[in-house]
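The block underneath contains the structure these notes are about, expressed in structure tokens.
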Protein chains: 2
Amino acid sequence: MTEQDNGRAKRGQRRGARGPTVADVARLAQVSPMTVSRVVNNDPKVHDTTRAKVEKAIAELGYVPNLAARSLAGGRQCRIGLLHSNPSAAYLSEFLVGSTEQANAMGAQLLVEHFEEEASRDALAAKLLSHRVDAVLLPPPLSDDVLLLECINRAGMAMAQVATGAPSPLAHAVTIDDEAAAYALTTRLVGLGHKRIGFIGGAPNQTASALRRNGYRRALDVAGIDADRRLETTGDFTFRSGMDCALALLALEERPSAIFASNDDMAAATIAAAHRMGLDVPRQLSVCGFDDTASATNVWPELTTARQPVADMAREAVRLLVDSVFDAKARTPRHVRVDFSLVLRESDASMRAS
Amino acid sequence: MTEQDNGRAKRGQRRGARGPTVADVARLAQVSPMTVSRVVNNDPKVHDTTRAKVEKAIAELGYVPNLAARSLAGGRQCRIGLLHSNPSAAYLSEFLVGSTEQANAMGAQLLVEHFEEEASRDALAAKLLSHRVDAVLLPPPLSDDVLLLECINRAGMAMAQVATGAPSPLAHAVTIDDEAAAYALTTRLVGLGHKRIGFIGGAPNQTASALRRNGYRRALDVAGIDADRRLETTGDFTFRSGMDCALALLALEERPSAIFASNDDMAAATIAAAHRMGLDVPRQLSVCGFDDTASATNVWPELTTARQPVADMAREAVRLLVDSVFDAKARTPRHVRVDFSLVLRESDASMRAS
DNA sequence: ATCATCTGCGGTAACGCTACCATTTTACAT
DNA sequence: ATGTAAAATGGTAGCGTTACCGCAGATGAT
């Protein structure tokens, strides 16, 4: 008794009151620490009565499991490397919020690492390995870097590709149906009476770009509108590229009355280009974006776009990764598809308005 | 011997090879585990010869300390709550990258939490406490929420305000000289020959807003330009508010030839407003932003602005926080000022051009 | 020469939790 | 009633690290 108290006091001085431990809860609930652990970890082999007692004690003491101790004892420890190379800031922001949240909730550690496309993939893998990274999270455009995927796979780490158009058999993937979203958006434009609809594609090295283009083409096809290849341009998802494409499109002798850009940044650039040429949006030109990132509302008029739930996708990807690190059965790559939704704002209008 | 091997094998099955431990390093270097620990933690009381031996062994084995074990044994464990309420996405993105990086490097855990201004501050503090948060990181606009600061202080957590105009005696603070930056930018506009310079202020509840306004006023004053209060408007850092203010400014009978917006989003809105009114930027209107977030380059023309090193500021704030959690002596609030820089791009031009 | 002091290092005992048995209780078939 | 399995719990032994104390040997003062 005295010894115990002594021990507690000796360490207690270190940092205020250390939180309550399983032992404290166990004492209060009059069960063994093991049972408390089981309750906390949702082990089904605990009687409901006992569980209730323990939960009451937990609530009373405000007990929170010590993550450090848990991962030490469990032998498990999950580090997830989040690799990013210049995606749009708005995209990254949402992605980071979602992934950190989920990683914390699941007791995983998130290492955020910048990766330049020119850098050596092998060096990167080595670096990740040296940081004891168990799994790698790949937002676009890295989710489409096949060489990188292979390299990480060789290094034996789990992976999750987010928003890729080409889920690899080597990795988990979380995507939306890019084709369907582009189809829906283009169809809306057609429904508004537009016949000449320009298209600004994304970076060719991102597989989602092709999917969006397919959706656009299919919508025109279904609507019985002849495809005019001069109306299709290719950017790289940056504002600047969107500006160039839009300018080219608007310089056409038979100018499009609507433009579908493959992401919001390029759509914002399209609006800027239109204004630069003295065109009113949406009266003289309708514009649609894609992603519904912050830049969709940081323009005037605000963009009609397809919402991609980036934070949710990041969360899901982290979940997949953590599961496959902790549970060998969850190791086989899974492909999760989440829903997109259309967000109708003010950048598009009916043809009659012009 | 056999027993040891057995033990290793039994757990080894879980996930590949667990990394090498201090014991492994100690064996190889022929010292005690304690000495290895001392080397890793830069304890000065280690002979150079020994240190070299150990370091060689560490390199050879690719040893990386187990963070979980470390924080468990050390009794130390640092959780930092990062509270954010709708700042610009571009800002948050940079901020998150910087803070996660530093937190990982220092072995702290970062909890990202969204906080609505309408929500109860006491409930928030309780929540943080229940998550065992030791310190709180406050990016704007939360860094200016005095009630929140007091509330967190009462709860006994350390705090760091980032980019506040009013460092509290209760918290660490990392800032730039907002006044000087605004002064520099306005002075540049004056140097370009502008006499009527409009101003779009930030949210009044953020103290940095007033500082930027002061800088603007002082610049005009020093240049001997009479201040015209009609040229000063107040937004709230959002694109939409910037649009409103710019529109009002441009509707003035004596229209300004330049506008200084207190952040990039509002500057982007100003450009949009100008285009909407058929004004060319920068030929007919010069525009300056503030912060140099991603939105500065997501407009055409790209913004001349004052660069605030957001990621670095976040890193510094995390460092301050972790230090004060681990070391009682570092607990007294410190105020760190980092340098800003002017980024000259294409949104401003000499008066003669018009 | 002798004792205090400091440096450099090793041993031991936690830190809070969970894996892995062992044990008790309960349920159900024989 | 008895055995057998399943369910519910407890005991023990670490997980990898660091805090604390202790012990040699070197250094300096007396």
Side-chain angles (χ1 to χ4, degrees), chain A residues 3-15 17-27 29-54 58 61 63-77 107 132 326-327, chain B residues 3-4 6-15 17-27 29-54 58 61 63-77 107 132 326:
Chain A
E3 268 180 24
Q4 263 224 35
D5 283 346
N6 247 339
R8 269 233 159 270
K10 246 206 289 195
R11 341 229 146 243
Q13 70 196 351
R14 198 147 297 287
R15 239 199 73 64
R18 293 242 220 167
T21 73
V22 271
D24 298 323
V25 179
R27 214 171 305 138
Q30 308 192 34
V31 294
S32 83
M34 246 346 280
T35 305
V36 176
S37 169
R38 277 192 266 265
V39 169
V40 172
N41 291 290
N42 274 319
D43 190 317
K45 289 160 168 285
V46 179
H47 198 87
D48 288 349
T49 329
T50 318
R51 181 183 300 276
K53 254 198 313 189
V54 174
I58 288 178
L61 261 47
Y63 166 78
V64 178
N66 180 324
L67 251 144
R70 182 184 289 205
S71 57
L72 183 57
R76 72 258 276 293
Q77 176 178 23
R132 294 262 122 72
F326 286 164
D327 179 9
Chain B
E3 268 180 23
Q4 264 225 36
N6 247 339
R8 269 232 161 270
K10 248 205 293 200
R11 341 225 147 245
Q13 69 193 353
R14 200 149 293 290
R15 237 198 77 65
R18 294 240 222 167
T21 74
V22 270
D24 298 322
V25 178
R27 213 171 307 138
Q30 307 190 33
V31 295
S32 83
M34 247 345 280
T35 304
V36 176
S37 170
R38 276 192 268 263
V39 170
V40 172
N41 292 290
N42 276 317
D43 190 317
K45 290 160 167 281
V46 180
H47 198 87
D48 287 348
T49 329
T50 318
R51 180 182 300 277
K53 255 199 311 187
V54 173
I58 288 178
L61 261 48
Y63 166 79
V64 179
N66 181 324
L67 249 144
R70 182 184 291 205
S71 57
L72 182 57
R76 73 258 276 295
Q77 176 180 22
R132 295 264 121 73
F326 286 163

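First the proteins, then the strands, lettered A, B, ... as listed; each starts at 1.
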- Terminal helix-axis angle for the helix from C:dA1-D:dT30 to C:dT30-D:dA1, with five pairs defining each axis and rounding to 10 degrees: 40°
- So, for A:Val36 and A:Val54, which heavy atoms are closest and what is the spacing to 0.1 Å? CA-CG1, 4.1 Å
- Task: Specify the closest pair of heavy atoms between A:Ala68 and B:Leu72, including all atoms of both residues, with the distance to one decimal.
- Result: CB-N, 4.1 Å
- Task: Take A:Val64 and B:Gln30, find for each the nucleotide of DNA chain C with the closest heavy atom, and name the residue whose nucleotide sits nearer the 5' end.
- Result: B:Gln30
- Note on the structure: From the list B:Val64, B:Val40, B:Asp24, B:Val22, side chain to side chain contact (heavy atoms under 4.5 Å, CB included) with B:Ile58 holds only for B:Val40
- Taking A:Asp43 for its side chain and A:Lys45 for its backbone only, find out whether a donor-acceptor pair lies under 3.5 Å. yes
Spacing between [X] atom [atom1] and [N] atom [atom2], to the nearest angstrom:
X: A:Arg70; N: C:dC17; atom1: CZ; atom2: C1'; result: 8 Å
X: B:Asp24; N: D:dG16; atom1: CG; atom2: C1'; result: 10 Å
X: B:Asp43; N: D:dT18; atom1: CG; atom2: C1'; result: 11 Å
X: B:Leu67; N: C:dC15; atom1: CG; atom2: C1'; result: 15 Å
X: B:Met34; N: D:dG22; atom1: CE; atom2: C1'; result: 13 Å
X: A:Asn66; N: C:dA14; atom1: CG; atom2: P; result: 18 Å
X: A:Leu72; N: C:dC17; atom1: CG; atom2: C1'; result: 8 Å
X: B:His47; N: D:dG25; atom1: NE2; atom2: C1'; result: 13 Å

Once rounded to the nearest 0.5 Å, what's the spacing between atom [atom1] of [X] and atom [atom2] of [Y]?
X: B:Asn66; Y: A:Ser71; atom1: CG; atom2: OG; value: 7.0 Å
X: A:His47; Y: A:Arg38; atom1: NE2; atom2: CZ; value: 14.5 Å
X: B:Arg70; Y: B:Asn41; atom1: CZ; atom2: CG; value: 5.0 Å

When you measure from the side-chain N and O atoms of [X] to the phosphate of [N], is any distance below 4.0 Å, counting only OP1 and OP2?
X: A:Thr50; N: D:dT9; value: yes
X: B:Ser37; N: D:dT18; value: yes
X: B:Ser32; N: C:dG10; value: yes
X: B:Thr35; N: C:dG10; value: yes

- Query: Under the 3.5 Å rule, do the base of D:dG10 and the side chain of A:Arg38 count as making a donor-acceptor pair?
  - Reply: yes
- Task: Could you check whether B:Val31 gets within reach of a base, just the sugar-phosphate, or nothing at all, counting any heavy atom under 4.0 Å?
- Result: sugar-phosphate
